[in-house]
Each structure stands twice: as structure tokens, then as C-alpha cells.
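Proteins come first, then strands; the chains are lettered A, B, ... in the order of their sequence lines, and each starts at number 1. Computed from a predicted model, the values in this text were never measured in an experiment.
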Amino acid sequence: MTIQLVTSDAGVAGVVTGLQAADYIGVDCETTHLNPRQGRIRLLQLSTGPETYVLDLFNVSKPALGPLGEILAGDRPVKILHNAKFDAKMLRHHAGIGLGRLFDTYLASRILGAGDPERHHGLADVAFRYLNQQLDKSFQKTDWTGELTEGQLKYAAADAEILLPLRSRLVEEIKRERLIAASRVEFECVVPTAEMELTGIYFDAGRWESTVDDLEGARAILELDLTGELGLALGQLDLFGHPEINLNSPAQVVDAFHRLGIDVRSTRESELAPWAARSPVVARFLEFRGLQKLLSTYGRPLLERVDAETSRIFTDFHQIGTPTGRFSSSEPSVQQIPNLPEIRRCFCAPPGGKLVIADYSQIELRILADFSQDPRMLEAFHAGVDLHRSTASQMFRVPIEQVTRDQRSAAKQINFGLMYGMGAGALASRIDVPLPEAERLLATYFQVYQRVAEWLRSAADTALHTGHIRTKLGRVYRFRVDHQNREQVAMIQRLGKNAPIQGTSADILKRAMRLVHDALVGIDARIVNCVHDEIVVESSGADAERTAEVLRQGMVTAGQEIIETVPIEVEVKISEDWQK
DNA sequence: GGCACCGGCCAC
DNA sequence: AAACGTGGCCGGTGCC
């Protein structure tokens, strides 16, 4: 292979010529920082295999990259990258370049890894696993701002060059494991995810600050009160002779409760809740803990995440964040923001804009209906009736309009719980009935939905006996089964039921992300968040209605592509802020 | 001081 | 006691 170093605008034409005939090109960036807003691209490496071009972007101007941008944005040649989200963000932010058709060796490796937590997926790990080749990553964290060394250039070129043979090997594996459809959806979701991260979520810090002040005031009063009462019970005094206790220490709090005759084993809410009715101190403690959770996790930490210039929060989305295929998000996680109006309303559109919020209606139960082909469940969804009400009506043999609130609630608990592999014991405690009653309810449920019962059984069996499950798209989750370990066997049986459903839901959301992203071209709108069955788009006020229609259409289409026998419903709302 | 673990709890 | 799946994050605790 040869390396061609390009250090001026004049050199770009030669690169374009060299790349045009290629079917595949390896693409990689070296940057001065991992965060696109804090660092720049130093090197852009492009490899056809025999030829590797290394462009020094400190010395090549953005306009000169135009023709190269067209190659990168197109469908051919296919771009091969390792963790393309990173390069996509850098190229979009600093060079205004979008990525077209791509193959991501990182995501491919994760898909093939099928959730194995032992496997690592850095480029060197993947190159070693699939090509048996040692890759030197010691230059990765060197200083990319100054005069570049021969070693740095060779390292940079090698990273791009290896992507071509790596793709070939990974494609063989993907075909062998029948993971083509899942890979395609993942690859096509990279650019929407990258752009969502770059956009960030607008946040009203002023509003949140005043809410935090109020909550802190309320917490301070409770803290004073509880420290007095519980600290006194403990008999602990500080230097000034005042009662002392750490309310954040479950051990100390349990101890204090014991001394007050409150016989609890832990301080978790479900344990304390029954006492709260009789004991004001327990009630106040629970109130304190609620505020403490809110403030410690979301209060100041959220404010510190707000970018001062843009008033936006930039989070990391992990496209394959879980073995089932779901996204996860971190620093901060925007998938676990409490569903409280005073918090959610701070995630809003910038002045003059709108948030368009769309979520799938009961997508996991629809997936269960599709997998099981249960005639009664299918019929309920086709008729468009309230599924939980319909379930209750059939279980309790009452007309649908006579279903009581408790009956519907019990049916709902079962509908949801069974997808997680819930047993009679868990059901009994959730709906507060004796165990035999819960067992009877489950038996009745399975008489109504016989095919659901069969599917759940066979899903658990498949997991246990084949050691893997697949989603509708064919994504695989593999587990090691130790048949001697009873707890683990039970766990795998529950996973066998849940993972295909949860994973299929993730498949659908990712497909939707791509369809929506593409359909929003030309509309003043961009995706700002996604939460498992929900996509949030920020738009201008003028384009909100169009955005809503595009969003609904994209999500429905994605759902219909992947589950064909159950209607898909998407609820869409236009709002100033992130409220349901 | 950093790391791992735990109890606890937020989202879907 | 734990109890139905997937994550991330907090403060406390104990270890090196």
C-alpha cells in the first residue's frame, strides 16, 4: 500500500480521482478532542486498500473539500468506518459533510457479539478477532495539534486501510449468522443518531433553577425535622450537642426506625409505604427521599450539563446500549428524566419553536400479538379497542362496558408483567391479592390467550435449549446456559420471553429514526431525543404540523415493515415543551 | 484518592 | 425476602 499525504487544497482533486472508481473506502478521522465542539479534525484518512490518502485538515480549506464531500455523502463508494457516529459528528460539524451509505465495523462487531459482555469492540480488538492482526493503537492518544511524525501518519493510514479487509470478513460472518437485516437498520441509524447528538436538547435553565430552589427549600425543612427526630432516636450528637444522622444512609435510617419501634428491614419505598399511613416520621422520610432523589440526580447536575452558548444539553446515545438492542444514553441520560411536569417542561423548544412528540401506542403488546398470533389479542388490536379492558372483559366474563377499574388494572398488570416473565408471586404482590388468587387469575388469563401462553412457553424453551433468541429483524441475543444453576435457568427463561419483544421494539424505533430523518429533509425540524418507543423532534412553529405528519408516517411505516399482522398506532403531540 | 459494590429509584 | 425485563445515576460504604 502507499500513503499520499495531502497538505494543500491543490491535492484534493487527486484524492477525488483516486476514490471515484472504488466500491468501498475506509474512512477515519484523527481529532484534537473527542468532543466535536471542543476539538477539530486534524487528519482525514481515506483508503481504497492499495491507496491511502491522508489529508491534513489544518492545511486544507473547507471549500476545497466540496467534491470529496459529495463522494462521502453518496451511496457509492460505500464508506467503511469504525464507530461511524464519531466521524459523522466531526465531519458534519467541522466540514459540513454528511455521510451516505456506510458500513460500521464497530456496530457489526457488536451485532455479531450478540450481547456478550466479555467481548470488546475497539478497532484493535475487532481486527485481532476477525483478521488475527495486531493493530498498534499507541498513537491514538498522542498530540494531534502539532508537527506530525512519521509514526502518527502511518498509524492514521493503517487505521483506515484495515477497514477494507475487516469489512469483508465481517460481511461473511453477518451472512453466516443471518444478521443482514439487523445490520442494515443499525448502519442506517448512525447518521440520525449522530445528528441528534450534535443538535442537543434545548433546556430552560432559568426555569429549572427556580424549581430547584423551591425543591431545595422544601428538602431543607424536612431534613431539619427528620434529623432532629431520627438523630435523637439514634442518640448521636454532633460537636454542638445537636442530634445527628445521615439520612442518605439506609443503615443509619433503619437503625433509627428500629429504635422508634418501626420494624423495617430496609428503607425502600415498598417496605416503608405501609408504615407511612400510621407514622408521620416515615411519611416525612419518604417525602424527603423523593426530593433527595430529584435534587441529587437531576437538580444541579442537570444545570451543569447545559451548554452556556446554546442553552442545550448534549448527551451520548449508545446505539446498541443493551444486549436486546435498545439504545441507552448517558452523561446525562435523557431516557430517565422523571415524568413530572415541573421537570419535563424545562426540556422545551427554543423561542418560536415547537416540540413534536410521537410515541408508539402499546408497541410491545402489539409485538407479542404478532409473535404469538393469538386470535383474541389480534382481534382486539384490529378492532382498536382498549386492550386491557378487553382482556379484563374476557377474563372476568363481563361485558366490556361493565369492566371495573380494579379488573382493568389487574388485566393490565398481567399483560405487561407476562412480557417480563412475571410469575404468580409477583402478580400477587403487585395487585395485592393472595397467592392462590393470583394463580387463578393467571390461569384464567392463559385460557383467554392460549396462543400467548404457548408462545411464552416456547420462547423460554428456545432460550434455554438453543442458547439464543432472535428479534423479528433477526437480531440475536446469546446467553451461556448453566443448566445446573436454577436461578440462572429461570433468568434465561424470563429473558427468552422478554428479549425478543424488547429487541423488536428497538428494531422498529431504529428503522423509524432513519425514515423520519430522511423525510425531514427540507423541513425546518430535527430529531432531538428518542426514548425506546418515542421520538422527539424540534421544529419551527411554521413547520410543526408538517413535522407531525412526517413523524407519524415514518414511525407507522417502520412498525408495519417489521410487524405485518398487527396495526401500528402512533400518538403525536405538538407542544412548547416535553409533556405528554 | 480511585474503584467496585450496594441499596435505592428514575425512565421505558 | 423477593418478587417481572432493559438501562443510568446517586450517595454510602469498604477496599486498596
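One interatomic measurement links the two molecules: CD1 of Ile337(A) to C1' of dG7(C), which rounds to 14 Å at whole-angstrom precision. As a whole-Å value, the separation of Asp432(A) CG from dA3(C) C1' is 14 Å. Separating the CZ atom of Arg344(A) from the P atom of dC10(B) is a distance of 13 Å, rounded to the nearest angstrom. Nucleotide dC12(B) holds its P atom 10 Å from the CD atom of Gln335(A), rounded to whole Å. In this structure, CG of Leu340(A) is placed 11 Å from P of dC12(B), rounded to the nearest angstrom. Summarising the geometry, the separation between CZ on Phe317(A) and C1' on dG7(C) is reported as 13 Å, rounded to the nearest angstrom. Glu364(A) has its CD atom 9 Å from the C1' atom of dT6(C), to the nearest Å. Between the NE2 atom of His532(A) and the C1' atom of dG8(C) there is a distance of 10 Å, rounded to whole Å.
Panel note: side chain Ser329(A), backbone Val334(A); a donor-acceptor pair is recorded below 3.5 Å. No side-chain donor-acceptor contact under 3.5 Å links Asn529(A) to the backbone of Val536(A). Using a distance-only test at 3.5 Å, with no hydrogens or angles considered, a donor-acceptor pair links the side chain of Asp104(A) to the main chain of Ala84(A).
The shortest side-chain heavy-atom distance between Gln502(A) and Thr322(A) falls under the 4.5 Å cut-off. In this structure, Val489(A) and Asn485(A) have side chains that are not in contact, with every pair of non-hydrogen atoms separated by 4.5 Å or more. Using a 4.5 Å heavy-atom threshold, the side chains of Met513(A) and Gln319(A) count as separate. Side-chain contact between Pro192(A) and Arg514(A) is present, with at least one heavy-atom pair separated by less than 4.5 Å. Counting heavy atoms from C-beta on, the side chains of Thr267(A) and Phe285(A) come closer than 4.5 Å.
Between its two ends, the helix from dG1(B)-dC16(C) to dC12(B)-dG5(C) turns its axis by 0°, counting five pairs per end and rounding to 10 degrees.
Counting non-hydrogen atoms of neighbouring residues, nucleotides and ligands closer than 6.0 angstrom, the CG atom of Asp214(A) exceeds 12 such neighbours.
A cation-pi arrangement, defined by a distance under 6.0 Å to the six-membered ring centre and an angle within 45 degrees of its axis, is present between Arg278(A) and Trp275(A). Geometrically, Arg366(A) does not engage Tyr360(A) in a cation-pi contact, judged by NZ or CZ lying under 6.0 Å from the ring centre and within 45° of the ring axis.
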Under 4.0 Å protein heavy-atom contact, by nucleotide of nucleotides 10-15 of chain C - B base, S sugar-phosphate only: SSSS--
CA sep, side-chain torsions, deciding dist, call: Thr199(A), Glu195(A), side chain to side chain donor-acceptor pair (under 3.5 Å): CA-CA 6 Å; Thr199(A) 303; Glu195(A) 292 185 359; over 6 Å; no
Worked verdict on Asp370(A) versus Lys472(A) for salt bridge (Lys or Arg N to Asp or Glu O under 4.0 Å): CA-CA 10 Å; Asp370(A) 184 75; Lys472(A) 289 289 286 187; 2.7 Å; yes
Intermediate values then yes/no, side chain to side chain donor-acceptor pair (under 3.5 Å), Thr557(A) and Glu561(A): CA-CA 6 Å; Thr557(A) 302; Glu561(A) 280 179 14; over 6 Å; no
Residues Ile563(A), Phe371(A); criterion side chain to side chain contact (heavy atoms under 4.5 Å, CB included); working and verdict: CA-CA 9 Å; Ile563(A) 56 174; Phe371(A) 267 127; over 6 Å; no
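A distance of 7.5 Å separates OG1 in Thr315(A) from CD in Gln335(A), rounded to the nearest 0.5 Å. Interatomic distance, CZ of Arg494(A) versus CG of Leu456(A), reported as 13.5 Å (0.5 Å rounding).
For the segment residues 193-224 of chain A, no residue has any heavy atom less than 4.0 angstrom from an atom of DNA chain B. Of all the residues in residues 255-289 of chain A, Ser266(A), Thr267(A), Arg268(A), Glu269(A), Arg289(A) reach under 4.0 Å from DNA chain B with at least one non-hydrogen atom. Residues from residues 441-477 of chain A that place a heavy atom under 4.0 Å from any atom of DNA chain C: there are none. Near DNA chain C, meaning a heavy atom under 4.0 Å away, the residues from residues 488-507 of chain A are Met491(A), Arg494(A), Leu495(A), Asn498(A), Gln502(A).
Note on Ser429(A): every side-chain N or O is 4.0 Å or more away from OP1 and OP2 of dA3(C).
In this pair, Phe327(A) and Phe317(A) present their aromatic rings perpendicular. The plane angle is above 60°, beyond the 30 to 60° band.
Comparing the C1' positions of dC5(B) and dA3(C) gives an interatomic distance of 22 Å, to the nearest angstrom.
Here the two rings, on Phe347(A) and Phe203(A), have centers that are under 6.0 Å apart.
Checking Thr324(A) against Glu331(A), the closest nucleotide of DNA chain C that is more toward the 5' end is the one next to Thr324(A). Map Arg305(A) and Met422(A) each onto its nearest nucleotide of DNA chain C; the residue landing nearer the 5' end is Met422(A).
Residue Gly423(A) is in sugar-phosphate contact alone, with no base atom involved, counting any heavy-atom pair closer than 4.0 Å across all strands shown.
When distances run from any side-chain atom of Pro338(A) to the nucleotides dT6(C), dG8(C), dC10(B), the shortest one goes to dC10(B).
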